[in-house]
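Below: one structure, written as structure tokens.
Atoms within a ligand are numbered from 1 in the order they appear, just like the ligands themselves. Worth knowing before you read on, the calculation uses all heavy atoms, side chains too, and leaves out hydrogens, waters and symmetry mates.
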Amino acid sequence: MARIYLSAPDLAGTELAMVTDAIQSNWIAPLGPHVDAFEAEMCARLDVPYACALSSGTAALHLALLALGVGAGDHVWVSTLTFAATANAIAYVGAIPVFVDSDRASWNMDPQLFVTALEEAARTDTLPRAVIAVDLYGQCADLAPIADACHRHGVALIEDAAEALGATYRGRPAGSFGDLAILSFNGNKIITTSGGGMLVGRDKAHIERARYLATQARDPARHYEHSVIGYNYRLSNLLAAVGRAQLADLSRRVDARRTTNAYYREHLALPGWEFMPEASFGRTTAWLTCATIDPQRFGAGRDAVIDALAAADIEARPVWKPMHLQPVFRAHRSIGGAVAEDLFVRGICLPSGSSLTAADRARVVEVVRSVAPGSAR
Ligand SMILES: *Cc1c(COP(=O)(O)O)cnc(C)c1O
């Protein structure tokens with residue numbers, strides 16, 4: 001039996017034709033018609049006017065901060081329960097991350113905790129320069145109260161929708177909130193270009209600034225003229241061709257992940273096993289299906305379940321380790337943190353890729369049930 005991965009790349013079937021077109025047209029270069037078309041198609045999907053295709057989601061986060069003018073010594077508030085790339089980008093620009101705890105309703109940035117802390121920061125003149133709200137595991141954060149509070153206090157908002165392409169929040173697409181939003185097309189994400197990302201937004205100046213910085217910051221001149229430090233962050237035309245094929249297949253991919261999620265919910269309705277909730281305000285991509293395990297009631301702990309799955313050649317992982325617990329960020333302030341810590345200690349991510357078969361899902365369920373005494377079929 002083949003190994004079951006957490007989130008394996010999944011081909012749409014049309015990639016080769018698109019890449020062949022890119023090669024035959026001789027656009028083996030960064031930039032080109034597929035890059036332009038990929039950006040335009042993403043804008044149409046997300047209902048945002050501007051986009052810049054980039055070499056990674058991490059590059060998009062870095063440029064989002066630069067485009068918003070975030071720099072050395074500025075404070076940036078960020079969800080603590082996320083992948084390290086979100087917080088690393090803050091360090092790239094010399095800014096100081098401040099971590100915000102999750103709530104149990106969505107596992108995302110706790111909106112009440114956030115708004116209360118921001119009001120307090122406004123009173124004490126310690127407002128952050130920007131906020132990065134993450135849409136965790138494909139589910140949007142409760143973005144309305146977060147965006148309202150940011151707007152009230154003139155704080156820029158970046159939506160990290162790396163895991164949430166295809167999700168919605170109150171009927172609107174993930175990636176269409178905040179001053180800027182970022183997407184990732186890494187190999188394990190909803191769609192992939194093998195590696196890639198995109199910065200999207202409503203302000204033309206932000207996206208133009210990002211495009212300029214991503215292209216070595218070349219000033220208009222016959223010779224090479226540079227007035228600021230630039231980067232080489234653009235997506236190649238070849239990879240954009242792959243991205244277009246994948247984007248056209250987005251709905252099927254989200255549906256496949258949601259089907260897997262529904263299957264797990266039905267077949268793992270076990271005492272002490274609790275799935276990440278789907279909040280009423282949106283529709284998740286179910287990028288990864290996650291759950292927490294109460295070892296007493298389930299009869300085994302999270303690590304025992306991961307070990308049993310590993311022994312059956314099935315990849316499973318703990319939930320992200322919160323940033324405020326990471327050695328590299330330990331010195332930084334955290335607003336709360338106990339909820340994210342608990343989700344990390346007891347949380348598990350199950351195989352969730354859009355190419356997972358019914359037999360794969362059944363195998364995962366069988367192994368999980370075999371660990372819990374009394375719940376094996
Ligand atoms: C994957 C991911 C990123 C980084 O994207 P890359 O394309 O891998 O650089 C950023 N934030 C979150 C939440 C992610 O899951």
Side-chain angles (χ1 to χ4, degrees), residues 5-9 38 42 51-66 76-93 97 99-100 102 106-109 130-141 143 157-167 169 174-175 177-178 180-200 210 214 231-236 239-240 242-243 246-247 253-254 257 276 284-290 317-323 326 329 340 343-344 347 349 352-353:
Y5 291 96
L6 199 63
S7 182
F38 190 31
M42 189 63 78
C52 180
L54 297 163
S55 54
S56 70
T58 308
L61 282 161
H62 187 184
L63 292 178
L65 291 165
L66 290 174
V76 178
W77 290 13
V78 58
S79 319
T80 190
L81 194 61
T82 185
F83 179 52
T86 318
N88 285 345
I90 299 168
Y92 294 170
V93 301
F99 302 109
V100 184
S102 299
S106 72
W107 293 19
N108 279 302
M109 184 183 279
V131 171
I132 307 178
V134 177
D135 299 332
L136 194 72
Y137 294 124
Q139 166 152 270
C140 286
L143 292 159
L157 177 62
I158 299 166
E159 181 191 4
D160 181 345
E163 302 169 2
L165 177 61
Y169 175 76
F177 297 89
L180 288 166
I182 76 102
L183 303 166
S184 167
F185 316 126
N186 193 36
N188 60 351
K189 296 290 160 59
I190 310 275
I191 72 168
T192 182
T193 56
S194 75
M198 205 176 282
L199 181 66
V200 298
Y231 303 86
N232 181 6
Y233 275 173
R234 294 305 310 272
L235 186 70
S236 93
L239 298 186
V242 176
Q246 294 253 311
L247 183 59
R253 307 166 84 84
V254 171
R257 287 181 192 263
M276 174 180 176
T284 177
T285 62
W287 174 58
L288 295 183
T289 290
C290 305
R317 293 270 177 87
V319 162
W320 300 128
K321 181 171 181 175
M323 290 305 114
Q326 297 288 354
F329 292 123
L343 296 174
F344 164 61
C349 307
S352 308

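A heavy-atom separation below 4.0 Å is not found between A60 and ligand 1.
The protein atom (non-hydrogen) at minimum distance from atom 5 (O) of ligand 1 is S184 OG, 3.2 Å. In terms of protein heavy-atom proximity, atom 10 (C) of ligand 1 is closest to D160 OD2, 3.6 Å.
Ring geometry, W287 versus Y137: the interplanar angle falls under 30°, so the pair is classed parallel (tilted spans 30 to 60°). Ring geometry, Y233 versus H62: the interplanar angle exceeds 60°, so the pair is classed perpendicular (tilted spans 30 to 60°).
A donor-acceptor pair under 3.5 Å is formed between the side chain of R234 and the backbone N or O of A53. A donor-acceptor pair is defined here as one N or O able to donate and one able to accept, closer than 3.5 Å; no such pair exists between the side chain of N186 and the backbone of S56. Distance alone, capped at 3.5 Å, is enough to place a donor-acceptor pair between the Q246 side chain and the T192 backbone.
On a distance-only criterion, W287 and ligand 1 share no N/O pair closer than 3.5 Å. When only interatomic distances are considered, the shortest N/O to N/O separation between W320 and ligand 1 does not fall below 3.5 Å. Considering backbone and side-chain atoms alike, A85 places every N or O at 3.5 Å or more from each N or O of ligand 1.
Between Y231 and Y92, a ring centre-to-centre spacing not shorter than 6.0 Å is recorded.
Of the heavy atoms in S56, both backbone and side-chain atoms come closer than 4.0 Å to ligand 1. The parts of T58 lying near ligand 1 are both backbone and side chain, judged by heavy-atom distances below 4.0 Å.
Of the candidates K189, M198, E163, the one placing a heavy atom closest to atom 2 (C) of ligand 1 is K189.
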